[in-house]
Amino acid sequence: MTIETVGVVGAGQMGNGIAHVLAVAGYDVTLMDVDAQRLEAGLARIGANLGRQVARGKTSEEAKRLALGRIRTTVALQDLGASDLIIEAATERESVKQKIFDELAPSLKPKTILTTNTSSLSITRLAGRTSRPEQFMGLHFMNPVPVMQLVELIRGIATSRETFEAVQALVQRLGKSAVVAEDYPAFIVNRILIPMINEAIYTLHEGVGSVVDIDQSMKLGANHPMGPLELADFIGLDTCLAIMSVLHSGLADTKYRPCPLLVKYVEAGWLGRKVGRGFYDYR
Ligand code: CAA
């Protein structure tokens, strides 16, 4: 099956980045969000990111115009039903994702493939709730999507070969590199990355180092492009906590216990860059 039209659910930092790379690669994209303001902000973000590429001579004004022309927006989930592929990129909460797939079901054409950009949840469990588990899989992009080269592909227990190959071909057309991860909590990248971030937060919590010194240590001492606390703010502390909690419950090992300081920051609403405050103050 060849994919030409893609519906993206969620216009947040992942959803707008995914819509961006799809449109640049020539796909017709319908970007959906229940929040009209977030939709508008997402589209403006794509325009600004493409504009920066034009300014740096990496793309042309014409290519930017064409890409933006391939994205339409909607607040109605049923408008995605005619797409060849759906990429769900909503909040990292299982109940939210399930509700989206339930509500999409009546409007889907028979061949539509469903994918989720979940960073940690069970693909098999999400797929099992739908009426098409053979046409369901995980398609996990990294943030910022237009920059990061990697995409994780995750099969559920019932994912068909046709589904996998169609999605794999899409990733290739996006010019990204795919790795295949088994369906275990948080897959590969987040199984390694988020416990490292959690450990950095413990390092802060126990007073081993300051925010700046912890980040500086990993930037200059391990050549990471961002320090772990800066990266946590960038990913979103709510997302980091959600992923740690999935690892903790899914693997039943105390080594994945979310740091109490991470929990406290999330309870305070200090979710990182997106709200202006996390380990750093962006206001
Ligand atoms: N959206 C789109 N493009 C962006 C961007 C954004 N938010 N931020 C930066 N860019 C682009 C810039 O336009 C620039 O593009 P060109 O090279 O084409 O000109 C390029 O990225 C480099 O940007 P800068 O020079 O301004 O900044 P930098 O060198 O400091 O790099 C960074 C920024 C790429 C974000 C870098 O700091 C980095 O790689 N950080 C680590 C990111 C990371 O680890 N991501 C994975 C997070 S985990 C995840 O996503 C999984 C999950 O499920 C939680």
Side-chain angles (χ1 to χ4, degrees), residues 10-24 41-60 63-64 67-68 87-94 97 115-123 138-154 174-179 181 184-198 200-201 215-216 218-220 222-247 258 262 266 271-274 278-280 282:
Q13 57 184 355
M14 296 307 288
N16 77 62
I18 294 168
H20 171 142
V21 294
L22 287 165
V24 167
L43 203 56
R45 187 78 193 266
I46 297 171
N49 283 338
L50 282 169
R52 204 168 49 217
Q53 287 184 317
V54 174
R56 294 192 189 186
K58 303 222 163 162
T59 190
S60 65
K64 173 187 164 193
L68 287 174
I87 305 175
E88 172 279 312
T91 312
E92 189 66 358
R93 274 212 309 278
E94 192 151 348
K97 294 184 186 294
T115 61
T116 171
N117 183 55
T118 180
S119 13
S120 60
L121 299 169
S122 164
I123 303 302
L139 176 59
H140 182 218
F141 291 85
M142 307 296 136
N143 187 20
V145 180
V147 181
M148 303 301 281
Q149 187 59 34
L150 189 79
V151 178
E152 286 179 310
L153 300 178
I154 310 107
L174 295 180
K176 302 233 178 253
S177 304
V179 292
Y184 281 94
F187 320 123
I188 297 175
V189 171
N190 286 330
R191 170 80 177 259
I192 299 167
L193 183 67
I194 304 298
M196 184 206 70
I197 286 174
N198 195 50
I201 302 171
D215 276 351
Q216 191 76 325
M218 296 308 285
K219 282 200 289 193
L220 301 186
N223 256 2
H224 289 195
M226 280 180 175
L229 301 174
E230 187 189 0
L231 184 56
D233 278 356
F234 181 64
I235 292 169
L237 301 193
D238 49 344
T239 303
C240 291
L241 178 58
I243 298 170
M244 267 327 280
S245 303
V246 167
L247 283 166
L262 172 61
V266 172
L271 305 181
R273 213 187 263 195
K274 64 186 165 190
F279 292 106
Y280 294 88
Y282 303 90

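Order of listing sets the numbers, starting from 1, for every ligand and every atom in it.
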**Request:** With the side chain counted from C-beta on, respond yes when Ile235 and Leu193 share a heavy-atom pair under 4.5 Å apart, and no when they do not.
**Result:** yes

**Request:** Quick one: look at His224 and ligand 1, take heavy-atom pairs under 4.0 Å, and tell me if it's side chain, backbone, both or neither.
**Result:** neither

**Prompt:** For atom 27 (O) of ligand 1, is the nearest protein heavy atom under 4.0 Å away?
**Reply:** no

**Asked** For atom 32 (C) of ligand 1, what's the nearest protein heavy atom and its distance?
**Response** Met226 CE, 4.7 Å

**Complete:** Within the 4.0 Å heavy-atom cut-off, what Arg45 brings close to ligand 1 is side chain

**Item:** Nearest protein heavy atom with distance in Å, relative to atom 36 (C) of ligand 1
**Value:** Pro225 CB, 4.1 Å

**Request:** Could you tell me whether the side chain of Glu152 and the main chain of Ile188 form a donor-acceptor pair under 3.5 Å?
**Result:** yes

**Asked** Would you say Thr118 and Lys97 make side-chain contact, with heavy atoms under 4.5 Å?
**Response** yes

**Geometric N/O contact Gln53 with ligand 1, under 3.5 angstrom** = no

**Request:** Give the residue, atom name and distance (to 0.1 Å) of the protein heavy atom nearest atom 42 (C) of ligand 1.
**Result:** Asn143 O, 3.9 Å

**Prompt:** Hey, is Val189 one of the residues with a heavy atom under 4.0 angstrom from ligand 1?
**Reply:** no

**Message:** Please work out, at 4.0 Å between heavy atoms, whether the side chain, the backbone, both, or neither of Leu193 comes within that distance of ligand 1.
**Reply:** side chain

**Message:** Just to be sure I'm reading this right: ignoring hydrogens, which of Val147, Leu50, Asn49 gets closest to atom 20 (C) of ligand 1? Compare them by their nearest heavy atoms.
**Reply:** Val147

**Asked** Are Glu88 and Thr116 close enough that a side-chain donor and a side-chain acceptor fall under 3.5 Å?
**Response** yes

**Prompt:** Are any of the protein's heavy atoms under 4.0 angstrom from atom 23 (O) of ligand 1, yes or no?
**Reply:** no

**Prompt:** For atom 44 (O) of ligand 1, which protein heavy atom lies nearest, and how many Å away is it?
**Reply:** Leu231 CD1, 3.6 Å

**Asked** Which of the atoms of ligand 1 are close to Met142, meaning less than 4.0 Å from one of its heavy atoms?
**Response** 49 (C), 50 (O), 51 (C)

**Prompt:** What atoms of ligand 1 come within less than 4.0 Å of a heavy atom belonging to Asn190?
**Reply:** 51 (C), 52 (C), 53 (O), 54 (C)

**Asked** Lys58 to ligand 1: N or O pair under 3.5 Å?
**Response** yes

**Item:** Heavy-atom check, side chain of Cys240 versus side chain of Asn198, under 4.5 Å
**Value:** no

**Asked** Any donor and acceptor pair, going by atom type alone, linking the side chain of Glu92 with main-chain N or O of Ser119 inside 3.5 Å?
**Response** yes

**Request:** Specify whether the nearest protein heavy atom to atom 13 (O) of ligand 1 is under 4.0 angstrom away.
**Result:** yes

**Request:** Starting from atom 6 (C) of ligand 1, locate the nearest protein heavy atom and write down its residue, its atom name and how far away it is, to 0.1 Å.
**Result:** Pro144 CB, 3.4 Å

**Request:** Please work out whether any backbone atom (N, CA, C, O) or any side-chain heavy atom from C-beta onward of Thr239 is under 4.0 Å from ligand 1, and answer side chain, backbone, both or neither.
**Result:** neither

**Prompt:** Just wondering, do Leu150 and Phe141 contact through their side chains at under 4.5 Å, heavy atoms?
**Reply:** no

**Request:** With the side chain counted from C-beta on, respond yes when Ile192 and Met196 share a heavy-atom pair under 4.5 Å apart, and no when they do not.
**Result:** no

**Request:** Please name the pair of heavy atoms, one in Asn49 and one in Arg52, separated by the smallest distance, quoted to 0.1 Å.
**Result:** OD1-NH2, 3.1 Å

**Prompt:** Under 4.0 Å between a Lys/Arg side-chain N and an Asp/Glu carboxylate O for Asp238 and Arg93?
**Reply:** no

**Message:** Side chain, backbone, both or neither: which applies to Ile235 and ligand 1 if a contact is any heavy-atom pair less than 4.0 Å apart?
**Reply:** side chain

**Side chains of Leu247 and Ser120 in contact at under 4.5 Å (non-hydrogen atoms)** = no

**Prompt:** Which atoms of ligand 1 sit under 4.0 Å from any heavy atom of Ser119?
**Reply:** 53 (O)

**Prompt:** Is there at least one protein heavy-atom neighbour under 4.0 Å from atom 30 (O) of ligand 1?
**Reply:** no

**Asked** Is atom 34 (C) of ligand 1 in close reach of the protein, with a heavy atom under 4.0 Å away?
**Response** yes

**Item:** Identity and distance of the protein heavy atom lying nearest atom 5 (C) of ligand 1
**Value:** Arg52 NH2, 3.6 Å

**Asked** What's the shortest distance from atom 25 (O) of ligand 1 to any protein heavy atom, and which residue and atom give it?
**Response** Arg56 NH1, 4.4 Å

**Item:** Under 3.5 Å: donor-acceptor pair, side chain of Glu230, backbone of Tyr280
**Value:** no

**Item:** Arg273 CZ: over 12 foreign heavy atoms closer than 6.0 Å
**Value:** yes

**Complete:** Any heavy atom of His140 under 4.0 Å from ligand 1? The part involved is side chain

**Prompt:** Is there a protein heavy atom at a distance of less than 4.0 Å from atom 50 (O) of ligand 1?
**Reply:** yes

**Asked** Quick one: CG on Leu241 to CG on Leu262, what's the gap to the nearest 0.5 Å?
**Response** 4.5 Å

**Item:** Contact bool for atom 53 (O) of ligand 1 (protein heavy atom, d < 4.0 Å)
**Value:** yes

**Message:** Do Gln149 and Met142 make a side-chain contact, defined as non-hydrogen atoms from C-beta onward lying under 4.5 Å apart?
**Reply:** no

**Message:** When you measure from the side chain of Asn16 to the backbone of Gly12, do you find a donor-acceptor pair of N or O atoms at a distance under 3.5 Å?
**Reply:** yes

